[in-house]
Amino acid sequence: MAEGKAEGKVEGMAEGKAEVKVKGKAEVKAGGKRAEMSLRERKKLQMRQTLLDIAEELFSTLPFEEVMVDEIAARANISQKTFFNYFPTKAQLLEELLLSWLRQVNLWPSPTENVTDVRSALVPPNLNEIQLWVIAHRHILQMIMRHTDLFASVYYSSQVPAGKNLLFPPEYRQPRMDRVKRAQEQGVIRGDIAPELVCEMYDLLRIDIVQRWLCMPEEQACGELYQRTYDEMVAIFFRGLQPDSN
């Protein structure tokens with residue numbers, strides 16, 4: 001029916017008919033290209049995730065120096081040259097293990113959740129999931145701390161060198177800042193501290209807690225200690241944010 005309608009519109013108009021045909025071919029071609037690009041992008045994302053999965057397995061059990069790019073590439077059935085198209089260095093691959101996970105969990109899963117106290121303004125509902133991941137990936141996080149600048153970049157905030165990824169970029173902090181602002185409007189958090197500073201202090205505190213735990217001897221650094229230290233330190237920090245602490 002559509003074809004007959006198109007032919008009726010251009011009947012007796014050869015030039016117009018040609019234009020319609022050319023346009024139709026262009027649209028099909030363009031559509032096919034878009035589909036091809038979409039498939040290509042999906043394959044690239046799949047390969048990227050495959051490399052991350054292989055790297056996580058190797059970094060979880062081997063020292064940094066013993067994880068070889070050629071082995072990762074061989075397991076993924078690609079060349080080393082192709083590997084470097086995804087990750088320029090082994091250290092950046094290591095960084096991406098943490099960054100890719102943060103992109104999944106570091107945003108508020110329940111942005112509409114009510115703010116009732118200081119803790120609910122700053123601590124996400126999936127805190128336990130985050131802490132369990134940290135505990136399970138202690139070996140990888142230790143390597144990230146020793147062989148990359150990812151943790152150190154937090155202390156430079158917006159002054160971090162160009163091109164260096166931050167653990168807590170603006171899109172991660174904004175939902176938390178919005179909740180802090182709401183808490184200040186409700187009188188839950190003292191209003192004489194800028195929301196940006198409140199969030200920055202919280203981020204610095206939790207990174208310090210993690211790094212301190214990563215530096216502990218293996219026989220001392222149990223997961224329960226990490227979680228207990230977090231609870232104790234943030235409780236002190238939260239008391240300083242109470243309105244009656246002015």
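In this text the structure is predicted, and so the values were computed from the model without any measurement. All residue numbers in this chain count up from 1 along the given sequence.
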Starting from the C-alpha separation in whole Å, work towards a yes-or-no answer on side chain to side chain contact (heavy atoms under 4.5 Å, CB included) for L51 and M47. CA-CA 6 Å; L51 293 172; M47 177 53 65; 4.2 Å; yes
Please check this pair: side chain of [X] against backbone of [Y], looking for a donor-acceptor N/O pair closer than 3.5 Å.
X    : Y    : answer
R179 : S120 : yes
R138 : C222 : no
Q142 : L214 : yes
D203 : V154 : no

Side chains of [X] and [Y]: closer than 4.5 Å at any heavy-atom pair?
X    : Y    : answer
F168 : E200 : no
V118 : Q242 : yes
V188 : T116 : no
I144 : H147 : no
Q227 : N128 : yes
I140 : W101 : no
V69  : T89  : no
M145 : C215 : yes

Heavy-atom pair with the smallest gap, counting every atom of [X] and [Y]:
X    : Y    : result
Y202 : V234 : CE1-CG1, 4.2 Å
S153 : L167 : OG-N, 4.3 Å
S60  : H139 : O-CD2, 3.5 Å
F151 : L141 : CE1-O, 3.6 Å
A121 : V180 : O-CG2, 4.4 Å
L122 : R176 : O-NE, 2.7 Å

Please work out whether the ring planes of W133 and H137 are parallel, tilted or perpendicular, with thresholds of 30° and 60°.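 Answer is parallel, since the angle falls under 30°.
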Which class fits the ring pair Y226 and W213: parallel under 30°, tilted 30 to 60°, perpendicular over 60°?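 Answer is tilted, since the angle falls between 30° and 60°.
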Measuring from atom [atom1] of [X] to atom [atom2] of [Y], what distance do you get when rounded to the nearest 0.5 angstrom?
X    : Y    : atom1 : atom2 : answer
E218 : Q220 : CD    : CD    : 10.5 Å
T82  : N77  : OG1   : CG    : 11.5 Å
L94  : E56  : CG    : CD    : 11.0 Å
Q92  : F84  : CD    : CZ    : 11.0 Å
F87  : E95  : CZ    : CD    : 11.0 Å
Q131 : D231 : CD    : CG    : 6.5 Å

Report the C-alpha distance between L225 and M216 in whole Å, list the side-chain angles of each, state the deciding distance to 0.1 Å, and finish with yes or no for side chain to side chain contact (heavy atoms under 4.5 Å, CB included). CA-CA 10 Å; L225 176 61; M216 289 182 176; 3.4 Å; yes
Is I54 reachable from M68 through a run of I, L, V, M, F, W or Y residues, each pair having side-chain heavy atoms under 4.5 Å apart?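 No, no single cluster joins them.
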If hydrophobic clusters are built by linking Ile, Leu, Val, Met, Phe, Trp and Tyr wherever their side-chain heavy atoms come under 4.5 Å apart, do L132 and L102 end up in the same one?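 Unlinked, L132 and L102 end up in two clusters.
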Determine whether the side chains of D178 and Q174 contain a donor N or O and an acceptor N or O closer than 3.5 Å.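 There is such a pair (donor and acceptor under 3.5 Å, judged by atom type) between the side chains of D178 and Q174.
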Sole candidate of I189, V115, D192, L241 that passes side-chain contact (heavy atoms from CB on, under 4.5 Å) when paired with Q184: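 The residue from I189, V115, D192, L241 that satisfies side-chain contact (heavy atoms from CB on, under 4.5 Å) with Q184 turns out to be I189.
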Does L62 have any side chain to side chain contact (heavy atoms under 4.5 Å, CB included) partners at least two apart in sequence or in another chain, and if so, which?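 In terms of side chain to side chain contact (heavy atoms under 4.5 Å, CB included), with neighbours along the sequence ignored, L62 is linked to L58, E66, V67.
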Taking NZ, NE, NH1 and NH2 as the nitrogens, is one of them in R119 or D117 under 4.0 Å from a carboxylate oxygen of the other?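 Here R119 does not pair with D117 in a salt bridge, since their nearest N and O are not under 4.0 Å apart.
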In this structure, are over 12 heavy atoms from other groups packed under 6.0 Å from M233 atom CE?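 It does not: M233 CE has 12 such atoms or fewer within range.
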Salt bridge (charged side-chain N to carboxylate O under 4.0 Å, His left out) partners of residues 69-81, not counting sequence neighbours, each pair once: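 Found E57-R75, E71-R75.
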